[in-house]
Structures are given as structure tokens and as C-alpha cells.
Undergrad: 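Structure below; questions to follow.
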2 protein chains.
Amino acid sequence: MKWDTLDEEQCSLSRTIAVVGDRWTLLILRECFLRVRRFEAFQSSLQITRHLLSERLKKLVRSGILRRVPYSDAPKRYEYILTQKGLDLYPIIMAMVHWGDTHMGDERGRPLLHEHKSCGKLFDPVMVCSECGEPLHAKQVHVHAGPGRKEAVG
Amino acid sequence: MKWDTLDEEQCSLSRTIAVVGDRWTLLILRECFLRVRRFEAFQSSLQITRHLLSERLKKLVRSGILRRVPYSDAPKRYEYILTQKGLDLYPIIMAMVHWGDTHMGDERGRPLLHEHKSCGKLFDPVMVCSECGEPLHAKQVHVHAGPGRKEAVG
DNA sequence: GGCTATAGTTCTAAAATAGAACTGTCAAAC
DNA sequence: GTTTGACAGTTCTATTTTAGAACTATAGCC
């Protein structure tokens with residue numbers, strides 16, 4: 001497949017995969033949500049090769065997920081900060097974390113606990129219907145072709 | 001990185017990425033949720049090479065996300081069906097689709113619309129806190145080390 | 001026997017990644 | 001004023017993965 005044109009496909013999943021669908025990008029985003037912002041910090045916490053880190057950060061900036069913000073003029077240094085578009089990836093990351101907690105856990109229990117500051121409790125993320133607020137299950141969803149597509153293929 | 005031991009990391013995201021963190025696997029899962037079940041059907045709708053499709057299906061079966069169910073005895077033929085563990089990936093897929101709809105759309109509108117059978121309406125998926133039911137935002141979440149980890153690194 | 005359908009496996013070429021070394025800028029230390 | 005170290009990359013070669021196409025195997029149908 002030509003991954004460089006994946007974002008032109010008539011499928012929102014393909015378009016998302018085009019920008020955040022690889023292992024390193026997802027791990028880099030995890031670090032971003034944990035407030036990591038600098039090249040050396042990403043590199044040492046992920047043990048990613050510098051080459052790939054450089055590539056991935058550039059791509060994330062190009063796709064508007066990170067902003068490259070100067071924090072020092074001499075020498076020129078930048079840090080990478082999530083844009084709103086990047087922050088909106090949070091449900092994806094949380095959904096993956098929650099699935100890992102549920103299905104890939106070991107006997108020691110989950111690695112991280114999440115506290116919702118608004119209500120003060122430890123929580124799990126739950127995906128609900130925007131209209132009725134009920135939790136969503138695959139079998140309760142029916143798919144229609146939308147205006148951006150002739151027939152339902154994905 | 002040694003991706004084959006990623007699922008042993010003290011991070012639920014890494015463990016999830018270990019099994020569903022690559023482009024083809026995510027696209028295969030999309031097809032699964034659209035009721036695709038057979039080798040040839042995956043292959044022709046995704047244009048994935050037969051070799052990779054075979055590899056990915058084996059891996060998904062090994063990880064308990066798909067079951068390989070015989071549907072013909074002579075010749076032996078199997079189809080691939082989501083287990084409960086696989087069905088539980090739905091929020092991840094939906095979160096990715098929704099992000100794509102929101103941030104990667106084009107002028108024609110979204111490719112697919114989703115109808116919630118329970119309430120009959122077209123909806124968007126929303127991620128909420130299991131405790132208070134409010135929509136989740138990255139900045140409202142605080143991370144603690146859980147029993148499966150000594151210090152919070154991811 | 002020859003054709004088709006299905007579900008793979010095998011092969012080589014091309015692309016991506018790993019791993020390590022190198023570059024350039026500047027500040028602070030000696 | 002030379003050296004050291006931090007930071008943010010770039011460049012290089014070796015290995016691994018993926019793409020693309022051809023091939024294998026089983027069985028039903030004509």
C-alpha cells in the first residue's frame with residue numbers, strides 16, 4: 001500500500017492511521033501526554049533512535065498534532081507541544097490504555113491509575129453515545145454511507 | 001526496540017501497541033467490525049499482500065483477538081471472527097474514526113455515519129469518566145503509579 | 001482432464017528501522 | 001582561550017520488514 005496517500009482515502013480510520021498509525025508515533029504521543037516536550041527527553045525515555053525520533057516529530061508537526069515552539073534563542077532550541085488537534089487524540093490513547101489494562105494485564109495489577117480531577121476519583125474511560133449517553137457496543141451500531149462516500153466500505 | 005517483548009513492558013499502552021499497533025492490523029480490525037471474515041475478502045478489500053495478511057491473522061489469533069472457525073470441512077476452510085477481547089477493541093477503532101472525522105475530513109463530509117440502534121440516532125462517540133460521567137479531557141486527568149509499577153513513566 | 005474458488009506459502013526487490021558515529025551551536029568550567 | 005558538556009539534530013551501514021508477484025494445495029463442477 002502507498003501509505004503516503006492513505007490520508008486521501010474515503011475512510012476516517014485510514015486517515016487517522018496515516019498520521020498516528022505506527023508504533024513509535026503512538027509511544028511519542030504517550031510521552032507528550034505525560035508532559036515530555038524535548039528531543040533528548042523523548043529519546044532517553046523511549047530509547048528510540050535519534051533518526052526516527054527526528055522523522056516522527058517532523059511528521060507530527062507537519063500534520064498539526066505538535067507545535068515546535070522555541071524555548072531558547074542561542075543556541076536555537078525547540079520543544080514539541082500538543083496542539084488542540086493533538087490533545088484531541090487523548091480518547092484514542094486512553095482507549096488503548098484501558099484495553100491494555102483489561103486484557104493484557106499481569107498479576108501485579110495495572111501500571112498506572114488515572115484520577116479525574118473534576119470528581120476526584122480513580123476512573124476508567126467509557127465510550128458512550130453522544131445522543132443517549134449509553135455505553136457503546138459494536139453490535140449496537142449500524143453504519144451508513146455518509147456524504148463523503150458512495151458506498152459503505154469502511 | 002524489541003517489539004516482540006513490548007507486551008512485557010510496564011505500560012498498558014505498550015502492551016496494546018504490541019498487538020494492534022501497526023497499520024495493517026488496525027485496517028484488518030476495521031474490516032472485522034464491518035463483518036468481513038474470510039481470507040480472500042480481507043485481501044481483496046484491503047489490497048494487503050497475502051503474505052502479510054496471513055502473518056497478521058495468525059498473530060491476531062495468537063493474541064486471542066480473533067478466533068479461527070472452520071466453515072467447511074473439505075476442503076478445510078476457516079473464517080476469522082472477533083472474540084470478546086477483539087470486540088472490546090471497538091472503542092479504540094471508534095475513537096480513531098471520530099478523530100479522523102473531526103480533524104482529517106474533506107469538503108465532501110464524512111465517509112460514514114454511525115447509527116446507535118438502541119436510540120435510533122446518528123451519533124458521535126464520546127469518552128466519559130466511569131465515575132462521574134463527564135467527558136474526559138487530558139488536562140483533567142492526573143496519573144498515579146499503580147500496583148504494577150514502581151514509578152509513573154507511562 | 002481442465003477450470004475455478006479458496007487459503008495459503010515462497011521468492012526477490014524495495015523500503016523502513018536499528019544502532020552507532022558524527023556535526024554544529026553555545027554556555028560554563030578550567 | 002581552550003576544553004567540556006548539553007542539546008538537537010544528521011549521516012552512515014547493517015538488519016529487518018514489507019511489497020509484489022508467482023507458486024502450491026485441496027476440492028467441486030463441467
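Numbers restart at 1 for each chain; the letters A, B, ... are given by sequence-line order, proteins then strands.
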Undergrad: May I ask you to decide if B:Ile65's main-chain N or O and B:Thr83's side chain share a donor-acceptor pair within less than 3.5 Å?
TA: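 Pair found, side chain donor or acceptor close to backbone of B:Ile65.
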Undergrad: For DNA chain D, which residues in residues 74-81 of chain B have a heavy atom at a distance below 4.0 Å?
TA: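 Within residues 74-81 of chain B, the residues near DNA chain D are B:Ala74, B:Pro75, B:Arg77.
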Undergrad: With a 4.0 Å cut-off on heavy atoms, is B:Phe42 in touch with a base, just the backbone sugar-phosphate, or nothing at all?
TA: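 No contact.
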Undergrad: Within the 4.0 Å heavy-atom criterion, would you say A:Arg68 contacts the bases, only the backbone, or no part of the nucleic acid?
TA: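 Contact class for A:Arg68: sugar-phosphate only.
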Undergrad: Tell me the interatomic distance from A:Leu66, atom CG, to D:dA8, atom P, rounded to whole angstroms.
TA: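 Those two atoms, CG and P, are 14 Å apart.
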Undergrad: Classify every nucleotide of nucleotides 15-20 of chain D by which part a protein heavy atom approaches to under 4.0 Å, writing B for the base, S for the sugar-phosphate alone and - for neither, in 5'-to-3' order.
TA: ---SBB
Undergrad: Just jot down the salt bridge (Lys or Arg N to Asp or Glu O under 4.0 Å) partners of B:Arg68, sequence neighbours excluded, or say none.
TA: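 Listed in chain order: nothing, the list is empty.
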Undergrad: How would you give the extent of chain B contacts on DNA chain C, as first and last nucleotide 5' to 3' within a 4.0 Å heavy-atom cut-off?
TA: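 The contacted stretch runs from C:dA5 to C:dG19.
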Undergrad: Clusters formed by hydrophobic residues whose side-chain heavy atoms approach within less than 4.5 Å: which one holds A:Leu122, and what are its other members?
TA: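 Reading the cluster by chain and number, A:Leu122 sits alongside A:Leu113.
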Undergrad: With sequence neighbours left out, write down each residue that passes side chain to side chain contact (heavy atoms under 4.5 Å, CB included) with B:Lys139, or none if nothing qualifies.
TA: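 B:Lys139 satisfies side chain to side chain contact (heavy atoms under 4.5 Å, CB included) with A:Leu87 only.
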Undergrad: Please name all residues satisfying salt bridge (Lys or Arg N to Asp or Glu O under 4.0 Å) with A:Arg15, sequence neighbours left out, ordered by chain then number.
TA: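 Only B:Asp106 meet the salt bridge (Lys or Arg N to Asp or Glu O under 4.0 Å) criterion with A:Arg15.
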Undergrad: Round to a whole Å and report the spacing from NZ of A:Lys58 to P of D:dG9.
TA: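 Nearest whole value for this atom pair: 8 Å.
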Undergrad: Taking side chain to side chain contact (heavy atoms under 4.5 Å, CB included) as the test, write out the residues that go with A:Asp88, two or more places apart.
TA: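 Scan of A:Asp88 (side chain to side chain contact (heavy atoms under 4.5 Å, CB included), adjacent residues dropped) gives A:Gln84, B:Trp99, B:His103.
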Undergrad: Who passes side-chain hydrogen bond (donor to acceptor under 3.5 Å, both in side chains) against A:Glu55, sequence neighbours left out?
TA: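 A:Glu55: no side-chain hydrogen bond (donor to acceptor under 3.5 Å, both in side chains) contacts found.
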Undergrad: Supply the members, apart from A:Val69, of the Ile/Leu/Val/Met/Phe/Trp/Tyr cluster built from side-chain contacts under 4.5 Å; use none for a lone residue.
TA: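 Its cluster mates, by chain and number, are A:Ile81.
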Undergrad: If hydrophobic residues (ILVMFWY) are linked whenever their side-chain heavy atoms come closer than 4.5 Å, directly or via other members, who joins B:Tyr71 in its cluster?
TA: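 Once heavy-atom contacts under 4.5 Å are chained together, B:Tyr71 still belongs with nothing else.
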Undergrad: List the residues meeting side chain to side chain contact (heavy atoms under 4.5 Å, CB included) with A:Val141, not counting sequence neighbours, and say none if there are none.
TA: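 Checked A:Val141 against side chain to side chain contact (heavy atoms under 4.5 Å, CB included); matches are A:Leu136, B:Tyr90, B:His114, B:Phe123.
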